[in-house]
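In what follows, chains are A, B, ... by sequence order, proteins preceding strands, each numbered from 1.
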Amino acid sequence: MLNGPVFSPMQTPARKQQVFSFATLAPIAKAFYARDAVTASRELLGKILVRKEHGRIRAGRIVEVEAYLGINDPAAHAAAGKTARNFVLFGPPGHAYVYFIYGNHYCLNVSCEPEGKAGSVLFRALEPVAGLAEMAGARGLESDLKRVSQVRLLTSGPGRLAEAFGITRERDNDKDLTSIASDLRIVDDGFRPEKIVRTPRIGITKAAHEELRFVIAGNAFVSKRAVD
DNA sequence: TTATAGATTGCCT
DNA sequence: GGCAATCTATAAT
């Protein structure tokens with residue numbers, strides 16, 4: 001196991017970083033994603049999103065996600081059917097679906113369900129594990145992070161984590177996260193959350209009552225608008 | 001062709 | 001807590 005779920009200021013980024021060797025971090029396999037979005041959401045909590053760029057690793061533990069279902073979920077981009085924008089949702093499982101929102105932010109999903117059926121998991125918050133200085137640089141923040149409140153600004157929120165990992169539609173949309181050749185992947189270090197909390201999704205108006213948001217209970221890096 | 005809402009964030013009061 | 005920023009997709013004219 002790499003690190004527990006709670007960030008400790010005593011664990012410096014350098015100490016955390018030496019634990020990682022990108023080549024040995026096998027991406028989670030395609031079959032993992034070929035399931036419904038609710039199951040995939042629960043299973044993804046505690047896994048680690050990893051980016052390799054310029055020989056450096058950025059990694060963050062997944063602590064908050066939301067499930068978006070297929071054509072019957074009014075809040076899902078798949079609701080309108082397959083389009084040039086959302087085709088990834090209908091494609092093979094384990095691919096990155098990246099969209100641009102509010103003229104300012106990218107958001108990252110991973111496609112679920114077998115090919116032909118839509119469904120995805122939105123990444124809403126990560127707990128930084130490695131490459132914190134790189135994340136801070138990408139976010140335009142001070143790299144000398146002393147407090148948890150500062151580290152939270154790196155990846156607590158879907159737009160924030162995308163920026164921290166340099167995720168864009170042009171670069172990452174439809175990327176196969178299960179490929180050994182991918183610079184963006186999700187890995188399993190054996191960590192399992194003690195408790196998962198289920199709540200309504202955040203920031204949507206359609207089907208807002210559906211409880212399809214999942215968070216690791218008590219984790220300090222869950223996005224601010226959280227309603228546990 | 002024009003209008004509007006959107007799976008957000010950060011700054012201002 | 002309110003609201004501007006700023007682009008895209010989709011609905012309305």
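For A:E211, there are no salt bridge (charged side-chain N to carboxylate O under 4.0 Å, His left out) partners at least two apart in sequence or on another chain. With sequence neighbours excluded, no residue forms a side-chain contact (heavy atoms from CB on, under 4.5 Å) with A:A26. Shown here are the salt bridge (charged side-chain N to carboxylate O under 4.0 Å, His left out) partners of A:D172, two or more places apart in sequence or in another chain: A:R51, A:K175. For A:R198, there are no salt bridge (charged side-chain N to carboxylate O under 4.0 Å, His left out) partners, not counting sequence neighbours. Not counting sequence neighbours, the partners of A:T155 by the side-chain contact (heavy atoms from CB on, under 4.5 Å) test are A:L126, A:P128, A:M135, A:L161, A:A164, A:F165.
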Do any side-chain atoms of residues 39-49 of chain A form donor-acceptor pairs under 3.5 angstrom with protein atoms, and if so which ones, sequence neighbours left out?
unit_1, atom_1, unit_2, atom_2, d
A:T39, OG1, A:D36, OD1, 2.7
A:T39, OG1, A:D36, OD2, 3.2
A:S41, OG, A:A37, O, 2.7
A:K47, NZ, A:E43, O, 2.7

Mind listing the side-chain donor-acceptor pairs of residues 98-108 of chain A below 3.5 Å, one per line with the distance, residues two or more places apart or on another chain?
unit_1, atom_1, unit_2, atom_2, d
A:N104, ND2, A:Y102, O, 2.8
A:Y106, OH, A:E170, OE1, 3.1

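Salt-bridge annotation for A:R201 and A:E66: absent, with no side-chain N of the basic residue lying under 4.0 Å from a carboxylate O of the acidic one. Using a cut-off of 4.0 Å between Lys/Arg side-chain N and Asp/Glu carboxylate O, A:R58 and A:E134 are scored as not salt-bridged.
Going from the C1' atom of B:dA5 to that of C:dC3 covers 16 Å, rounded to whole Å. B:dT4 and C:dA4 have their P atoms separated by 15 Å, with the value rounded to a whole Å.
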Anything under 3.5 Å between a protein N or O and an N or O of nucleotides 10-12 of chain B, put it in a table, one pair a line.
unit_1, atom_1, unit_2, atom_2, d
B:dG10, OP1, A:R139, NH1, 3.0
B:dG10, OP1, A:R139, NH2, 2.8
B:dG10, OP2, A:R160, NE, 2.8
B:dG10, OP2, A:R160, NH2, 2.6

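Crowding of A:K117 atom NZ: a count of heavy atoms from other residues, nucleotides or ligands under 6.0 Å not exceeding 12.
Residues of residues 97-104 of chain A having a heavy atom closer than 4.0 Å to DNA chain B, listed by number: A:Y99, A:I101, A:Y102. The stretch residues 66-85 of chain A touches DNA chain B through A:Y68, A:A75, A:H77, each having a heavy atom under 4.0 angstrom from the strand. For DNA chain C, no neighbouring residue in residues 110-120 of chain A is found when judged by any heavy atom under 4.0 Å.
For the pair A:T205 and A:L161, both in contact range of DNA chain B, the more 5′-proximal nearest nucleotide belongs to A:T205.
A donor and an acceptor atom, one from each side chain of A:H95 and A:Y33, are nowhere located under 3.5 Å apart.
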- Where does DNA chain B pair, written as one dot-bracket string 5' to 3', with Watson-Crick or G-U pairs under 3.5 Å, ( ) inside the strand, [ ] for crossing pairs and | for another strand? ||||||.|||||.
